[in-house]
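See structure below.
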Amino acid sequence: MPELPEVETIKKNLESKLIGQKLKNIIVFNQDFILKNKIKNLNTIVNTKLLSIKRKGKYLIFFFEKETLLFHLGLTGSFNLFSNKDKEEITEKEKKHFILNFQFETHELVYSDIRKFGKIRKARIEEISTLKELKNLGKDALEIDFEEFKTIFLKRNRNIKNLLMDQKVISGLGNIYVNELLFRAQISPFKNSKDLKEKEIKKLFFQMKKLLKEAISFRGSSIKNYVDAQGKKGEFQNRFLVYGKKNMVCLKCGESLRYQKISQRGTFYCPNCQSI
DNA sequence: TTCAGCCTGTCG
DNA sequence: CGACAGGCTGAA
C-alpha cells in the first residue's frame, strides 16, 4: 500500500504528536502477528521516551531511548493516532484489524494491518543498521543524487520498471509511482535499462524528485485503504495521469491508455507517449 | 525471472 | 465465482 510519499506523510503526522513522549504501555491485539515477526520482550521499550522517527525507503524506524522499532507497512499496514476524545468513534470493523496499541502520554498509536503483510523488527540502537532489512536497502529515492542515480543503469540489463521497483537498487518507489514516473518521463515500461540514453536518465531523475515531492505535498495517494495517521485520505490519486486509467484517454496525446502485467504487477502506460 | 505464497477485501 | 489490489520472499 504505502510507498515513499505515504510513509513520509505518516512520519510527519507522528512526529508532530509523539516526539519526546514517554511510552506508557503497549497492548497487543494480535499475538500471532507478533509471533510471526519473532518479536520478543516488546515491553522493554515501555517507560522510555520516543526520541525520533526516521524513514528509509518504505521503512519507518522509531528510536526510543535504547531500542528501536522498525516497521514496514506491506500493502495494508496503517498507523492511527487517537486522542482520548476520538477513541469512542472507533468502529468494530476497524478494531478487527488492530495489531498493537502504543499508549503514549497524550495519544494512543494503533498499528492495524488488514492483510498482515506488514513487518516489525525490534533492535537495539547500535544494531539497527545491521538488520538485513536496512542493510540490503538501496539509497532512498528522495536522497539519491544524480551521480548515484546514473550508476544504477550502468552494467545493468533489466526491465526498467522492475529495476526502479527493486528496493535493493533504489528504495521508496512502488507500483503507483513507477507507473506515473515512467509516463511523466515518457519512457516505455518495457524498455531495458541498458538502452537508456543519458538524456532519458536525467529526465527520469528530475521527474522522480518532482513526482515524489508533489505527492508528499498532497499527502500521498489513497486508492482503497490508505489513510494517514490522522485517518485522512491522501489527495494525490486525483493527480494520476495513468495509474488505474486503463482504456481512458491519454491527457497528453489522446491515445487510449493500455494495461498489461509486467512481472505480475499492473502496468498502465500510453503506447504513443511511451513508445520504445 | 517467474511464480506461488503470505492474507483480506472488493468489484464485476 | 475469479480477478485483482500501494509489497516482498524464497524456491524452482
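Numbered from 1 within each chain, the chains take letters A, B, ... in sequence-line order.
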Rounded to the Å, how far apart are [X] [atom1] and [N] [atom2]?
X	N	atom1	atom2	result
A:Leu60	C:dG7	CG	C1'	15 Å
A:Gln237	C:dA5	CD	P	17 Å
A:Asn37	B:dC6	CG	P	16 Å
A:Asp166	C:dC8	CG	P	9 Å
A:Lys168	B:dT1	NZ	C1'	13 Å
A:Lys36	B:dC6	NZ	C1'	6 Å
A:Asn225	B:dT8	CG	C1'	9 Å
A:Ile262	C:dG7	CD1	C1'	17 Å

Among the candidates [options], find the nucleotide nearest to the side-chain atoms of [X].
X	options	answer
A:Lys119	C:dT9, C:dC4, C:dG7	C:dT9
A:Arg115	C:dC8, C:dA5, B:dC6	C:dA5
A:Lys96	B:dG9, C:dG7, B:dT2	B:dG9

**Prompt:** So, A:Tyr177 versus A:Ser221: side-chain donor-acceptor pair below 3.5 Å or not?
**Reply:** yes

**Prompt:** Is a side-chain donor-acceptor pair under 3.5 Å present for A:Thr267 with A:Lys161?
**Reply:** yes

Could you tell me whether [X] contacts a base, only the sugar-phosphate backbone, or nothing, with contacts defined as non-hydrogen atoms closer than 4.0 Å?
X	value
A:Ser221	base
A:Lys224	base
A:Lys246	nothing
A:Phe33	nothing
A:Glu6	nothing
A:Lys132	nothing
A:Gln167	sugar-phosphate

**Request:** State which residue, out of A:Lys58, A:Lys56, A:Arg55, A:Lys209, fulfils the salt bridge (charged side-chain N to carboxylate O under 4.0 Å, His left out) condition with A:Asp140.
**Result:** A:Arg55

For a quick test of reading the model: is some side-chain N or O of [X] closer than 4.0 Å to OP1 or OP2 of [N]?
X	N	result
A:Tyr259	C:dA5	yes
A:Lys58	C:dG7	yes
A:His97	B:dT8	no
A:Lys116	B:dG5	no

**Item:** SB check A:Asp166 A:Arg158 (cutoff 4.0 Å)
**Value:**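 The answer is yes: the pair qualifies as a salt bridge.
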
Examine distances only and state if a side-chain atom of [X] and a backbone atom of [Y] form a donor-acceptor pair shorter than 3.5 Å.
X	Y	answer
A:Gln31	A:Phe29	no
A:Gln237	A:Ser222	yes
A:Thr76	A:Arg115	yes

**Residue whose nearest DNA chain C nucleotide is more 5′ - A:Met165 or A:Lys261** = A:Lys261

**Asked** Quick one: on DNA chain C, does A:Glu133 or A:Tyr226 contact a more 5' nucleotide (nearest heavy atom)?
**Response**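 Nearest-nucleotide comparison on DNA chain C picks A:Tyr226.
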
**Message:** Please compare A:Ile114 and A:Asn162 by the position of their nearest nucleotide in DNA chain B and report the one closer to 5'.
**Reply:** A:Asn162

**Under 5.5 Å and under 30°: A:Phe117 stacked on B:dC6** =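 Answer is yes, a stack.
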
**Request:** For B:dT1 versus C:dA5, give the span between their C1' atoms, rounded off to a whole number of Å.
**Result:** 22 Å

**Message:** Between C:dC1 and B:dC6, how many Å separate the two C1' atoms, rounded to a whole number?
**Reply:**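 It comes out at 22 Å once rounded to the nearest Å.
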
**Asked** Parallel under 30°, tilted from 30 to 60°, perpendicular over 60°: which one fits the rings of A:Phe71 and A:Phe62?
**Response**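 Perpendicular.
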
**Prompt:** Around atom NZ of A:Lys49, are there more than 12 heavy atoms of other residues, nucleotides or ligands at under 6.0 Å?
**Reply:**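 Count not over threshold, so no.
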
**Asked** Can you give the dot-bracket line for DNA chain B, where a pair is Watson-Crick or G-U wobble with both atom distances under 3.5 Å, crossing pairs use [ ], and | marks a partner on another strand?
**Response** ||||||.|||||

